[in-house]
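Below, chain A is the first sequence line, B the second, and so on; all start at residue 1.
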Amino acid sequence: MALTTHTTPSGFLLPSIHSAPPFFTEQPNPTTQSIATEQWIRLILTYARHRKLFILRVEDAEAAESDWAEILRNERINRKMTPGHLCNIMVAMADKNLAIYEPPKQKRSILVYWRLPEEWAEVLYEWVVDSGQLNTIMTFYEITDPLVESALTNIPVPLLRKAIGILGKTGRAQMIAIADGEGVRFLAKSK
Amino acid sequence: MRRGVGLAAFDRQEQSKRSFAELSSELSRSQVENLHSQLDQFRTALAHFATTHRESIKNDPSFRHEFQQMCSSIGVDPLAGPRKGGWWAELLGLGDWQYELGVQIVDVCVTTRERNGGLIEMSELVRLVSKLRGVGGGSITEDDVVRSIKTLQPLGAGYQVVEIDGCKMVRSVVKALDEDQTVILAVAREEGGRVVEDQLIQRKGWTRDRARAALENMLIRDGLCWLDTQDEWVGRAYWVPSAMNWEI
């Protein structure tokens, strides 16, 4: 039996390690386990980017119709990730700042950083400039659900808030209180 | 014939002894000179050979093999260090070539170590080293790898070629594989990497305790295999990455 790469129905290329049965078991040897965890983290981040998924929950390990099923299970070899195993990987991701707990103060659900907040800040700013929305006041909703789909479509508000915060530090964005909640104004780069 | 007695006889004897000694030292001097000139000729011939065939030696694996065979049959080690025959390696630049290959072998062994636990199949190693060298590097053979590993020995890094069930493997961890582990690796190779206790009990006549201890040691102590607790038949299977058929 050769361990091969595989293209999923959603067009994602699974690495060959995904067809290795022991990949779906937590390894008792700590060195081996850290290697496996690193492989899993890489897989989760690339898949999240491919499908534009933001939230990963422990429950995703159990639901066959979960958005993450293509990577969390492998029907071809009849293996699946266990919830406990997934939970440990999620903790490792949060420890490495590749995700944050969302909502905070629990460990069963994370917001996956397939782009770091700093990268999101640049993507956001670029989109604002390109769509000619500098200096206008925008609501969060206008960013997360724009008329024309953008790279920011569906971005979770906590992540958006972080990105705006980063732009704020370089004087490129300003939070503004508006009638029905919060808004933001983007400013031209100062020199 | 009457032999001379008295003092004159001593003189005569001394004299003939001296002239014999002179003659013999002259003879040996000429022999040494002769040898020197022969050696010089040999050197020139070798140097000529080395310079004309340098490129073929570096680039053509079969030529290189023949050349090394020839060298070992006449008792010349082309790779001998500076202490003996260093000029030879110098002429060919083969020493550097071999050390460079050694570095590439170490590179591959170290980068794949986390995947295979420090045990790599020879053919896989040759493939990965060739890939690393790129097209311009010229092809290399198992023979070259074995030689390079020998040059690595003084470093004490523990690189070793081991033969498991007729298959050559290169070990890059300083861990002695005990006999049981060797048997397990052989079983794993037949099964595409998967080993379970029952195989060892049925095929090798081991007791369950022995099988379990050997497998658990490989798993937990040595990190040479991975655990699969979702195995359909026995629930707990061990997988040896170096024996699995990876596509890439």
For a side chain to side chain contact (heavy atoms under 4.5 Å, CB included) check, start with the C-alpha distance between B:Asp231 and A:Arg79, then their side-chain angles and the critical distance, and finish with the verdict.
CA-CA 9 Å; B:Asp231 191 81; A:Arg79 293 290 184 283; 4.1 Å; yes
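- Other residues, nucleotides and ligands place no more than 12 heavy atoms under 6.0 Å from the CD atom of B:Glu179.
- The CG atom of B:Asp228 sits 8.5 Å away from atom CD of A:Gln27, with the distance rounded to the nearest 0.5 Å.
- Residues B:Glu232 and A:Ile77 share a closest heavy-atom pair of OE2-O, 3.6 Å.
- Note: A:Ser19 OG to B:Asn245 CG = 10.5 Å, rounded to the nearest 0.5 Å.
- Remark: the backbone N or O of A:Thr25 is not paired with any side-chain donor or acceptor of B:Gln230 at under 3.5 angstrom.
- The residue among A:Gln33, A:Lys80, A:Glu26 with the most heavy atom pairs within less than 4.5 Å of chain B is A:Lys80.
- Contact check for B:Leu227 versus A:Pro28: side-chain heavy atoms found under the 4.5 Å cut-off.
- Of all non-hydrogen atoms in B:Ile220 and A:Asn29, the two that sit nearest each other are O-ND2, 3.0 Å.
- In terms of non-hydrogen atom pairs under 4.5 Å with chain B, the most contact-rich of A:Thr4, A:Thr82, A:Thr31 is A:Thr4.
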Step by step, would you call B:Trp226 with A:Thr32 a side chain to side chain contact (heavy atoms under 4.5 Å, CB included)?
CA-CA 7 Å; B:Trp226 288 44; A:Thr32 315; 3.3 Å; yes
